[in-house]
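Within every chain, numbering begins at 1; the chains are lettered A, B, ... in the order of the sequence lines, protein sequences first and strands thereafter.
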Amino acid sequence: MGLISAVSSLANPARFSAFATKVLPWLAGLSAALVALGFYLALFVAPADYQQGETVRIMFLHVPSAWLGMMAYVIMAIGSVGVLVWRHPLADVSAKAAAPLGAAFTFLALATGSLWGKPMWGTWWVWDARLTSFLILFLMYLGLMALRSAMEEPSRAAKACAILTLVGSVNIPIIKFSVDWWNTLHQPASVIRAGRPTMDPSILTPLLVCAIAFTVLFVTLHLAGMRTELVRRRLRTLRIATASAALAPEPAE
Amino acid sequence: MNSPHAALLMRDLALARGGGAGLGVVFFLAVVTLIPFAVGPDLALLRRIGPAILWLGALLATLLGLDRLLQADHEDGSLDLIALAPAGLETMVATKILAHWVTTGLPLVIAAPAFGVMLDLPPSALGRVALALVLGTPAMASLGAVGAALTIGLRRGGLLVPVLILPLAVPVLIFGVSASGDGAEANGALSVLAGLALGYAVLGPFSAAAALRALRD
């Protein structure tokens, strides 16, 4: 009971801001330590792959980025339900703050995938099913951000983006399926798709540490983004209030 | 002819008779004309990528025509009357999509075989492309209605709608082009395309109506 009321009390934007301010330095420190540990394990402890050599280390950056690129969309979809069903002010703040993060991590996954592809496939870009799906996800993030920036009023932008996010989330499985189908239809059989062996613990442990580190990093950035957005909205309200107070005639006392 | 849907359909068809409906076909022709300039006049190559060219042209023509789907009604206030009509907004939006498709999508389907001849497609392929487009263009119009509803009243809506909708249209494009080929694979793709069209015929009006409601107040 105590935990539930503690969490639901954060639904108040002011209390949330205070909580975020208190927690952020700790989270930032924790994510810095975890990322350092993860990169140390990935770069020095994990063995090089017998087939791919040192390039396999890109995976420790690539896989967590891809995972967060998808998680950001899930957070946005949950936030969108919150906007449309409960009209909660924090839900939209969360969805808005997650969009650039999702775009950034998706871009990171694409860029590292491309860098990984150069030594493995011999080209920077392969129209591989997974890369292509991610490219479309990246485009959807950019579209959502463009729609939001095209609307001045936050409450209108919130509803429009929420609807588009939910339409997108209905579509993402369809897109994923159709891209996979398209890929098997067109891809020559020569693609390196060696049946992935079960991962050795010496690689799995650093990967998990990296995934946790990136997730904590994401939570930190998301909280910071939400706090900034709350400040930005407060500023906007204050500015409008000041402007309308300056324009309005002096109230008769 | 007293039902609100019939009235809306008749009105939109009558408005379209006033002109402007042919512009999409001209745009389609312009795209089909430009591609040989880009890839060279090699008929063998054009025959191979012909269905893809026709699909891309139809997709772009559909998306660029979407700014007229709701924007004009928003500007002259008819959208408020449509919202007040004694019928669900979802079905009214579906009616608008149907009218929009009849006036802009159907001409593309009819023109596609003629443009396919210019790309040296065999007669059997012409029929298949037209068949696939009959299913695909309503799907794209339904999806596009969501984009049109979301960007209503925005000054930058023109470029925004394709940016929002093109990623969502990927499945229609993939299965549409595959359904334009021949063989068992194409038949399967045609079935999937029909399924997509039905799904989007539900998703599109509902989401577009939700967007119109959310953005009206």
Enquirer: What heavy-atom pair brings B/P167 and A/I175 nearest, and what distance separates the two atoms?
Expert: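 That would be O-CD1, 3.4 Å.
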Enquirer: B/L150 and A/A160: which non-hydrogen atoms are nearest, and at how many Å?
Expert: CD2-O, 3.4 Å
Enquirer: What part of B/L203 gets closer than 4.5 Å to chain A, counting heavy atoms only: side chain, backbone, both or neither?
Expert: side chain
Enquirer: Between A/M140 and B/L164, is a side chain to side chain contact (heavy atoms under 4.5 Å, CB included) present by the stated rule, with each step listed?
Expert: CA-CA 7 Å; A/M140 288 171 64; B/L164 300 182; over 6 Å; no
Enquirer: Does anything in residues 71-79 of chain A reach chain B? List residues with heavy atoms under 4.5 Å apart, or say none.
Expert: none
Enquirer: Passes ring pair (Phe, Tyr, Trp, His ring centres under 6.0 Å), A/W181 versus B/F175? Steps please.
Expert: CA-CA 9 Å; A/W181 187 83; B/F175 287 106; 4.7 Å; yes
Enquirer: Does anything in residues 188-199 of chain B reach chain A? List residues with heavy atoms under 4.5 Å apart, or say none.
Expert: B/A189, B/L196
Enquirer: What do you reckon, is CZ of B/R48 surrounded by more than 12 foreign heavy atoms closer than 6.0 Å?
Expert: no
Enquirer: Between B/I174 and A/S178, which heavy-atom pair has the shortest distance, and what is it?
Expert: CD1-O, 3.6 Å
Enquirer: Give me the atom names and distance for the closest heavy-atom approach of A/A150 to B/L154.
Expert: O-CD2, 3.6 Å
Enquirer: When you look at B/L143 and A/N171, which way does the side chain to side chain contact (heavy atoms under 4.5 Å, CB included) test go after all the steps?
Expert: CA-CA 10 Å; B/L143 265 183; A/N171 247 295; 4.0 Å; yes
Enquirer: Picking from B/V163, B/V172, B/V170, B/L168, which has the most non-hydrogen pairs under 4.5 angstrom with chain A?
Expert: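 Max contact count across the listed options: B/L168.
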Enquirer: Answer yes or no: are there more than 12 heavy-atom neighbours, outside A/F107 itself, under 6.0 Å from its atom CZ?
Expert: no
Enquirer: B/A214 and A/I163: which non-hydrogen atoms are nearest, and at how many Å?
Expert: CB-CD1, 4.2 Å
Enquirer: Does any backbone or side-chain atom of B/Y200 lie under 4.5 Å from a heavy atom of chain A? Answer side chain, backbone, both or neither.
Expert: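 It is the side chain, since no backbone atom gets that close.
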Enquirer: Is any side-chain heavy atom of A/L147 closer than 4.5 Å to a side-chain heavy atom of B/T151?
Expert: yes
Enquirer: So which heavy atom on B/L215 is nearest to which on A/M151, and how close?
Expert: CD1-CE, 4.2 Å
